[in-house]
Amino acid sequence: GDQIVEDKQRQRNLVLEALLERLAVLKDPRAANASHPYPGLLLGIVRALAAGCVGPEAIAGFITDRFDELGRWTTMGRQPPCPRTIQRVLKGTGAAAGALLDLVGPLPDRDILALDGKVVRGASKRGPHVHVVTAWSTPRQRSVATSVVDHKGREPQALLDLIARTARPGVTITIDANGAKRGLAKAIIDQDAGYILALKNNNKKTLRAVTAAFGEAADPAVVEETDKGHGWVEIRRATVLPARGLTGFRPWPGLTAVGR
């Protein structure tokens, strides 16, 4: 047991050392008299993002709680950064901090990644929006990669960036209806990964065709799960049809089935 703990600690140390090497070469976009050392700030931000924190307040709280621990690895300054400092660093660094999350740990052979974008809470009060797009590993319950853009209109490019960094054989990527685009589906398939895309009115022809197919299906495949606890019962039912033979819309790259 002690040997396993030591091995995990040694592996963690190697990851942090590699992360600090990358951080040390990044150019600090702030003024020369900034009070918080840039590598230390980025180390705290990257670790906070990896833990699933979203927004300057959550990231600043994470760094504050681990300020002494982070200080054992690099210079952190005299006191923890405030949310406003985190906001400025996120805007100045862009996707660079997100790309460094790839060093936190390799993806397993099989994974389910939920790609989703959110505006950083409170950003609009302090200037232009900061939009964070995250790849969340459902089995591991943690963020594995993130990309930062300054406008929601740039979210498709951020999604392509995350797909390029995380899609691989054995990985299934899920995206909400706003990301249900043929170009993103093709990017996923091109890397031998799979996808599950939500279908709504922004793809009207496909939605109408799929809805009609379910209405006409005589014997669709049905999967059902039931959870019970504390006086409640939850039944989840999924119906699936093969995509082969569906008509009335432009084909989607690699589409094999539709479900509801």
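Along the sequence shown, the residues carry numbers beginning at 1.
Although no hydrogens or angles enter the test, the distance criterion places no donor-acceptor pair under 3.5 Å between the side chain of H36 and the main chain of I86. Side chain of R168 to backbone of R165: a donor-acceptor contact under 3.5 angstrom is found. Side-chain atoms of N203 come within 3.5 Å of backbone atoms of A180 as a donor-acceptor pair (strictly under, hydrogens ignored).
Closest of all the heavy-atom pairs between T64 and P80 is OG1-CB, 3.4 Å. The minimum heavy-atom distance linking T166 with A145 is given by the pair CG2-CB, 3.9 Å. Counting all heavy atoms, side chain and backbone alike, T247 lies closest to A209 at O-CB, 3.3 Å. Contact record, P156 with L184: O-CD2, 4.0 Å, taken as the closest heavy-atom pair. Contact detail for C82 and A60: the closest heavy-atom pair is C-CB, 4.1 Å. Shortest non-hydrogen contact noted between G179 and L159 is CA-CD1, 4.3 Å.
Between I173 and L115, some side-chain heavy-atom pair lies under the 4.5 Å cut-off. F249 has its side chain out of reach of L207: every pair of non-hydrogen atoms, C-beta onward, lies at least 4.5 Å apart. Looking at heavy atoms from C-beta onward, W136 lies out of side-chain contact with L113 at the 4.5 angstrom threshold. Side-chain contact check for M76 versus P37: every heavy-atom pair is 4.5 Å or farther apart. In this structure, T256 and P242 have side chains that are not in contact, with every pair of non-hydrogen atoms separated by 4.5 Å or more. Side-chain contact between I112 and I196: absent, with no pair of heavy atoms (C-beta onward) separated by less than 4.5 Å. Two residues are said to be in side-chain contact when any heavy atoms from C-beta on lie closer than 4.5 Å; P220 and V240 fail this criterion.
Considering CZ of R72 and CZ of R66, their distance stands at 12.0 Å, rounded to 0.5 Å. The distance from atom CZ of F214 to atom OG1 of T239, rounded to the nearest 0.5 Å, is 6.0 Å. Here OG of S147 is found 10.0 Å from CG of L160. Values are rounded to the nearest 0.5 Å. Put simply, CG on D111 and OG1 on T172 are 9.0 Å apart, with the number rounded to the nearest 0.5 Å. Rounded to the nearest 0.5 Å, atoms CG (N178) and CG (L197) are 12.0 Å apart. With rounding to the nearest 0.5 angstrom, the CZ atom of R78 is 10.5 Å from the CZ atom of F67.
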Open item on the list: For E69 and R47: C-alpha separation, side-chain torsions, deciding distance, then whether salt bridge (charged side-chain N to carboxylate O under 4.0 Å, His left out) applies.
Closed with: CA-CA 12 Å; E69 176 192 344; R47 288 197 56 188; 2.9 Å; yes
Open item on the list: Is there a side chain to side chain contact (heavy atoms under 4.5 Å, CB included) between F62 and I45? Walk through the geometry before answering.
Closed with: CA-CA 9 Å; F62 180 94; I45 289 172; over 6 Å; no
Open item on the list: I'd like to know whether V133 forms a side chain to side chain contact (heavy atoms under 4.5 Å, CB included) with L162, so could you lay out the CA-CA distance, the side-chain angles of the two residues, the decisive distance to 0.1 Å, and finally the verdict.
Closed with: CA-CA 8 Å; V133 185; L162 290 182; 3.6 Å; yes
Open item on the list: Determine whether I189 and Y195 satisfy the following criterion, side chain to side chain contact (heavy atoms under 4.5 Å, CB included), listing intermediate values before the conclusion.
Closed with: CA-CA 8 Å; I189 293 299; Y195 64 76; 3.7 Å; yes
TODO: Please report the C-alpha distance between D190 and K186 in whole Å, then the side-chain angles of each, then the deciding distance to 0.1 Å, and finally whether the salt bridge (charged side-chain N to carboxylate O under 4.0 Å, His left out) criterion is met.
DONE: CA-CA 6 Å; D190 285 348; K186 183 178 185 303; 2.8 Å; yes
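Applying the under-4.5 Å side-chain rule to Ile, Leu, Val, Met, Phe, Trp and Tyr, the cluster around V233 extends to I235.
Within the structure, side chain to side chain donor-acceptor pair (under 3.5 Å) contacts touching residues 204-228 (residues at least two apart or in different chains) are T206-W252, E224-R237, E225-R236, D227-R236.
In this view, D65 satisfies the side-chain contact (heavy atoms from CB on, under 4.5 Å) rule with no residue, not counting sequence neighbours.
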